[in-house]
Amino acid sequence: LFTHNVLIHAYCKMGMLERAQSLLREVEVDVVSYNTVIWGFAERELGDLAVGFLSDMIKRGVGFDFVTVNTVIMGLCKKELVQKAELLVDMLCKGGVTLDVVGYNTLIYGYCKIGAISDGVAMLERMKREGIQPDLISYNTLISCFCKNGEMDMAKGLIDELTSKKMELDVVTYTNFIGELCRKRKIGEAFSWYDEMVRSGIVPDVVSISSLIYGLCKHGKFYEAYELFRKLEDMGISPD
RNA sequence: CAUUUUUGGA
């Protein structure tokens, strides 16, 4: 079983979904086998075709779990079908199935992806109501969306909310701001966010530094960009 | 470092 799942996973990673599916039919499987194939569909932007696996699983006596539901939701969200995902969730809800924090985060991502931030924020409120505590990813997802929209004040508002909840920001939180400021060629501000990040003890990674390099290049500061690139190695980060 | 889900750059 374990071996077959490894194989299914490999097929899915290579996009050989029909192979993965035939294995699924032919061998003994469990919930992980199905989750893996559903994930494979989601990765290839075929998430809408994966919804049916839920009923297949039930027919076959394989119970689905949070990961299954979350992965199906992700597949739909990637295709900008978050509304469809919500309908599915509502249906499951009537059957007594609830979402976990990842599921809610995925829906938030789905709304952000179609540019419906207010629905994303509403989802954040809804999860609180349902007793699921939002985590840093919930907030980072919304912050990313606000930043890309140029609504930095809204994004900062969420930072305040995080702070008031005594939740720690991470490198992703900061990189959302750094990245957006770099896109807008506001290099100075980008570096001040970077400095604040380092001051609070967060170690920069390849994405945060690459954002800054991008920003410097966009600003025509090629020499400084190159200098920063050299510093990557000193910081023990390998360029990707 | 042997299997599955959510957030940041290009």
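Every chain is numbered from 1, with letters handed out A, B, ... down the list of sequences.
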inquiry  = Going by the rule side chain to side chain donor-acceptor pair (under 3.5 Å), which residues pair with A/Y34 if we only count those two or more places apart in sequence or in a different chain?
reply    = A/R60
task = Please tell me if the side chains of A/E224 and A/H219 come closer than 4.5 Å, counting only heavy atoms from C-beta onward.
result = no
So for [X] and [N], does any side-chain atom that can act as donor or acceptor lie under 3.5 Å from a complementary atom in the base?
X      : N     : answer
A/T175 : B/rG8 : yes
A/D240 : B/rG9 : yes
A/D205 : B/rG8 : yes

task = Name all residues meeting the salt bridge (charged side-chain N to carboxylate O under 4.0 Å, His left out) criterion together with A/E18; count only those two or more places apart in sequence or in a different chain, and write none if there are none.
result = none
request  = Ignoring hydrogens and angles, state whether a donor on the side chain of A/N5 or A/S33 is under 3.5 Å from an acceptor on the partner side chain.
outcome  = yes
Report the distance from atom [atom1] of [X] to atom [atom2] of [N], rounded to the nearest whole Å.
X      : N      : atom1 : atom2 : value
A/L92  : B/rU5  : CG    : P     : 20 Å
A/F146 : B/rU7  : CZ    : C1'   : 15 Å
A/N149 : B/rU7  : CG    : P     : 18 Å
A/L212 : B/rA10 : CG    : P     : 12 Å
A/I132 : B/rU5  : CD1   : P     : 20 Å
A/M57  : B/rU4  : CE    : P     : 15 Å

Consider the side chain of [X], meaning its heavy atoms from C-beta on, and name the nucleotide among [options] that approaches it most closely.
X      : options              : value
A/T106 : B/rU7, B/rA2, B/rU6  : B/rU6
A/N140 : B/rU5, B/rU7, B/rA10 : B/rU7
A/V67  : B/rU4, B/rU3, B/rU7  : B/rU4
A/V6   : B/rU5, B/rU6, B/rU3  : B/rU3
A/Y109 : B/rU6, B/rU3, B/rA10 : B/rU6
A/M74  : B/rG9, B/rG8, B/rU6  : B/rU6

All side-chain contact (heavy atoms from CB on, under 4.5 Å) counterparts of [X], not counting sequence neighbours:
X      : value
A/T163 : A/I159
A/K94  : none
A/D48  : A/L76, A/K79, A/L81

key: Integer angstrom distance from the C1' of B/rA2 to that of B/rU6   = 24 Å
inquiry  = Expected output is a numbered-order residue list: members of residues 25-39 of chain A with a heavy atom under 4.0 Å from any atom of RNA chain B. What is it?
reply    = A/V32, A/N35, A/T36, A/W39
